[in-house]
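These notes concern the structure reproduced below.
Nothing fancy with the numbering, it's 1 onward along the sequence. All values below were derived from every heavy atom in this structure, side-chain atoms included, with hydrogens, water molecules and symmetry-related copies excluded.
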Amino acid sequence: MPINGLGDEVLASLDRARASQLVNLPGQRKTRLREVEVSGIDHFVLERELAGYGEVPLIIGFHMPVAQVDAPLRLLYSSGLV
């Protein structure tokens, strides 16, 4: 089944995803953090390639809205300033 047939707008938009500037993952060549905007909402997409499970590597991952990550970080930063 094609990825855009899964009914997930974020997954269907991965061709427009860009590398995230939030985190540098040195030494993690098979792990990527990307960002994509869907319906006006920015999402983080974290994915990892897994080899050895067949002829074609598997890609596993998850996505979540940036606001779910950003809000606690901003609160922590604000608390540190106080």
Side-chain angles (χ1 to χ4, degrees):
M1 172 180 287
I3 198 165
N4 59 359
L6 295 174
D8 187 310
E9 290 184 82
V10 176
L11 294 180
S13 302
L14 285 180
D15 60 334
R16 296 185 291 112
R18 62 199 177 281
S20 177
Q21 302 302 312
L22 178 69
V23 176
N24 183 8
L25 300 170
Q28 300 294 323
R29 295 182 321 206
K30 296 185 179 190
T31 303
R32 301 193 292 184
L33 179 63
R34 301 192 292 165
E35 296 179 36
V36 65
E37 181 186 331
V38 177
S39 301
I41 300 171
D42 290 322
H43 294 265
F44 284 126
V45 179
L46 181 66
E47 55 192 49
R48 168 107 179 156
E49 183 180 304
L50 299 175
Y53 292 95
E55 293 180 23
V56 178
L58 296 175
I59 297 176
I60 62 168
F62 70 93
H63 63 79
M64 68 178 8
V66 169
Q68 283 186 317
V69 176
D70 194 39
L73 290 176
R74 287 182 191 271
L75 181 62
L76 180 62
Y77 179 73
S78 299
S79 297
L81 290 176
V82 171

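Residues that satisfy the side-chain hydrogen bond (donor to acceptor under 3.5 Å, both in side chains) test with His43, not counting sequence neighbours, are absent from this structure. With sequence neighbours excluded, the residues forming a side-chain hydrogen bond (donor to acceptor under 3.5 Å, both in side chains) with Glu47 are Arg32, Arg34, listed by chain and number. Applying the side chain to side chain contact (heavy atoms under 4.5 Å, CB included) criterion to Glu9, with sequence neighbours excluded, gives Val38, Ser39.
Other members of the hydrophobic cluster containing Leu58, listed by chain and number, are Leu50, Tyr53, Ile60; membership follows side-chain contacts under 4.5 Å among ILVMFWY residues, whether direct or relayed. Applying the under-4.5 Å side-chain rule to Ile, Leu, Val, Met, Phe, Trp and Tyr, the cluster around Ile59 consists of that residue alone.
Contact of the Leu33 side chain with the Val45 side chain is not registered, since no non-hydrogen atoms from C-beta on lie closer than 4.5 Å.
Ser13 approaches Val36 most closely through the heavy-atom pair O-CG2, 3.5 Å.
With rounding to the nearest 0.5 angstrom, the NE2 atom of His63 is 10.5 Å from the CD atom of Gln68.
Under the 4.5 Å side-chain heavy-atom criterion for ILVMFWY residues, a single connected hydrophobic cluster contains both Val66 and Met64.
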